[in-house]
Every structure is written in C-alpha cells, then in structure tokens.
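Small disclaimer: the values here were computed from a predicted structure and weren't measured.
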Amino acid sequence: PIVPEGFDISLFTVSATDMAGDYHDTVQLRDGRIVIVLGDVTGHGVSASLAMAMAKATLVYVGNEGQTFPTIFMDKLNELFGGELKASRKKMTLVTVVVNPTTRYLEIDNAGQSFPRYYASNSQTSFDIELPSVPIGAMKRRKPGLFSRTMEPGDAIILYTDGIIECLNDKSEMYGYNRFNEAFENSIKKGCSADETIRAMMK
C-alpha cells in the first residue's frame, strides 16, 4: 500500500476461490490525498474478477483525471456497473476512504459494504461508521452518505468484508462482530502496528 509519513496502513486478503471478486487498493491523488478502497463483487470466478478489474480501472482513470473523491468515483463506477454489467446483474459493495496526510482530514463514502470500525484515541473506544446504502449497480442513481472526521494521533480505522465475520470454527460458530470489534480495539490499545493488528485478528 501507499503509506504517507505519519500513517500506518496494511492490507490482507485470502480468496475463497482461485479467481475472486474482492478488491482492495491504495492510490495517491495529485493533491497528495490517499484513497483507500475495499470492495466485494457478487459471485466468484471469471465474471467477478472482470468486474473487479473494471473497478480498478475506474479508480485509476478518475484519479488521473483529478476528479472528486470519494463521491464522483463512486458515482462513475455505479454508472459503469448499471450500464456495462446490467445484463449480468453484477453488483459490488464498496467503501472508499480518502485521507489528507497533511491535515489528517478523513472522508468516507460507502455502498453496501460492511461498516468501517473507527477507534478514537481520546476516548479509547471504537464505533461503527454507519452509512446505510445499497451496492454499486443496484440503483440507477445512488444517494451518497458521507462521513468526515479529522483523525487524531492514535486513531485507527479498519475496513473489512463479511468474509471474516462469517468464518466458522470447528463448532460451526461464526467469528461474528463482537469478537471482531474486541480484537481490533484490544490490538490498537496495546499499540500494535496495522500489520500486527491484522495478523492477530486473522489468527
């Protein structure tokens, strides 16, 4: 990932099949802001992978054109899925995070993806960034709901798909949100790095 000075970013994925539709990426815009995306295309296999590739191409194109993030990017992708992929009925849950490394100003737009979890260092508690929405391609026009906040030193945010929440143990019990939230919060409180936090949670 692209990691600006003063920040710590780590990515992790393991696919359920050889060709999956999960997508995560980081892109630096011309103005220095960092874009982080996490998405999940419906289904598996070649069709899901192709849809994911279209999302990546759109991200790069909109970034190179200097267009507005996160909303314009999400709207452009929604138009693309609604037009080019309408026949295949492909949808994509997607969350886009934009952060200014200088001002630490954070903006988030979500399209049906799991709610990001935010850890606030001043209160030492975490909370869901609740942005109810529908997946990319589900409606002709989407209604963005933006979350914005200035990050403080020690703050953290985690993005994830439902894959980790729905993991089963040998007793067929799901990992679930409570375990996920507790593991995330505990790791940050211990001062773990982004990579250490993810590795601890996956273990």
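- Contact check for Met174 versus Leu168: side-chain heavy atoms found under the 4.5 Å cut-off.
- Ile157 CD1 to Arg149 CZ: the interatomic distance, rounded to the nearest 0.5 Å, is 10.0 Å.
- Both Ile164 and Tyr177 belong to a single network of hydrophobic side chains, linked directly or stepwise wherever heavy atoms of I, L, V, M, F, W or Y lie under 4.5 Å apart.
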Tell me, with the steps shown, if Glu166 and Tyr175 meet side chain to side chain contact (heavy atoms under 4.5 Å, CB included). CA-CA 6 Å; Glu166 296 174 357; Tyr175 186 57; over 6 Å; no
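- In this structure, a donor-acceptor pair under 3.5 Å is present between the side chains of Asp155 and Tyr118.
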List the steps and the verdict of side chain to side chain contact (heavy atoms under 4.5 Å, CB included) for Ile136 and Lys91. CA-CA 6 Å; Ile136 295 292; Lys91 308 292 186 294; over 6 Å; no
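- Atom CZ in Phe184 sits 7.0 Å away from atom CE in Met201 (nearest 0.5 Å).
- Looking only at side-chain heavy atoms (C-beta outward), Leu106 and Ile108 come within less than 4.5 Å of each other.
- Scanning for ring pair (Phe, Tyr, Trp, His ring centres under 6.0 Å) contacts around Phe73 gives Phe69, with sequence neighbours left out.
- Put simply, the side chain of Thr71 reaches to within 4.5 Å of the side chain of Leu146, judged on heavy atoms.
- When the side chain to side chain contact (heavy atoms under 4.5 Å, CB included) test is applied to Thr103, the partners found at least two apart in sequence or on another chain are Asn100, Tyr105.
- With sequence neighbours excluded, the residues forming a side chain to side chain contact (heavy atoms under 4.5 Å, CB included) with Asp8 are Ser193, Ala194, listed by chain and number.
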Report the C-alpha separation of Asp40 and Met92 in whole Å, then their side-chain angles, then the decisive distance to 0.1 Å, and conclude whether the side chain to side chain contact (heavy atoms under 4.5 Å, CB included) test is met. CA-CA 5 Å; Asp40 184 5; Met92 182 180 194; 6.0 Å; no
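- Annotation for Ala138 and Asn78: closest pair N-OD1, 4.3 Å, computed over non-hydrogen atoms.
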If you apply the rule side chain to side chain contact (heavy atoms under 4.5 Å, CB included), what do you find for Phe12 with Arg199, and how did you get there? CA-CA 9 Å; Phe12 177 89; Arg199 289 180 182 276; over 6 Å; no
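- We find that Arg33 and Glu107 are joined by a salt bridge, their nearest charged nitrogen and carboxylate oxygen being less than 4.0 Å apart.
- Atom CZ of residue Phe115 and atom CD1 of residue Ile129 lie 10.5 Å apart, to the nearest 0.5 angstrom.
- A donor-acceptor pair under 3.5 Å links the side-chain atoms of Thr26 to the main chain of Ile2, judged by distance alone.
- In terms of heavy-atom proximity, Ile198 sits nearest to Ser10 at CD1-O, 3.5 Å.
- Here the straight-line distance linking atom CD of Glu182 with atom OG of Ser187 works out to 10.0 Å at 0.5 Å rounding.
- For the residue pair Pro116 and Leu159, the shortest heavy atom distance occurs at CB-CD2, 3.6 Å.
- Summarising the geometry of Glu173 relative to Arg179, their closest heavy-atom pair is OE1-NH2, 4.3 Å, with the distance given to 0.1 Å.
- Atom CD1 in Ile158 sits 7.5 Å away from atom OG1 in Thr197 (nearest 0.5 Å).
- Inter-residue side-chain proximity for Ile36 and Thr96 is flagged as unmet; no heavy-atom pair is nearer than 4.5 Å.
- No more than 12 heavy atoms of other residues, nucleotides or ligands shown are found within 6.0 angstrom of CG on Asn178.
- Cluster membership check: Tyr119 shares its hydrophobic cluster with Ile165, using side-chain heavy-atom separations under 4.5 Å among Ile, Leu, Val, Met, Phe, Trp and Tyr.
- The two residues Leu59 and Val35 make their nearest non-hydrogen contact at CD1-CG1, 4.0 Å.
- With sequence neighbours excluded, the residues that form a side chain to side chain donor-acceptor pair (under 3.5 Å) with Asp109 are Arg142.
- Scored by the ring pair (Phe, Tyr, Trp, His ring centres under 6.0 Å) test, Tyr160 finds Phe180 as partners (sequence neighbours excluded).
- A side-chain donor-acceptor contact under 3.5 Å links Ser133 to the backbone of Asn110.
- Under the 3.5 Å distance criterion, the side-chain polar atoms of Gln113 are left unmatched by any main-chain donor or acceptor of Val95.
- The ring pair (Phe, Tyr, Trp, His ring centres under 6.0 Å) analysis of residues 138-158, with sequence neighbours excluded, yields no pairs.
- Minimum interatomic distance between Ala120 and Phe127 (heavy atoms only, all atoms of both residues): CB-CE2, 4.5 Å.
- By the 4.5 Å heavy-atom criterion applied to side chains, Met151 and Phe7 are counted as neighbours.
- How far CD of Glu79 is from OG1 of Thr58: 10.5 Å, rounded to the nearest 0.5 Å.
- Side-chain atoms of Arg104 and Val99, non-hydrogen and from C-beta on, never get closer than 4.5 Å to each other.
- Between Arg117 and Ser126, the side chains place a donor N or O and an acceptor N or O closer than 3.5 Å (distance only, hydrogens not considered).
- Side-chain N or O atoms of Asp128 include none that pairs as donor or acceptor with a backbone N or O of Glu130 at under 3.5 Å.
- Within the 4.5 Å cutoff, side-chain heavy atoms of Leu38 are placed close to those of Thr161.
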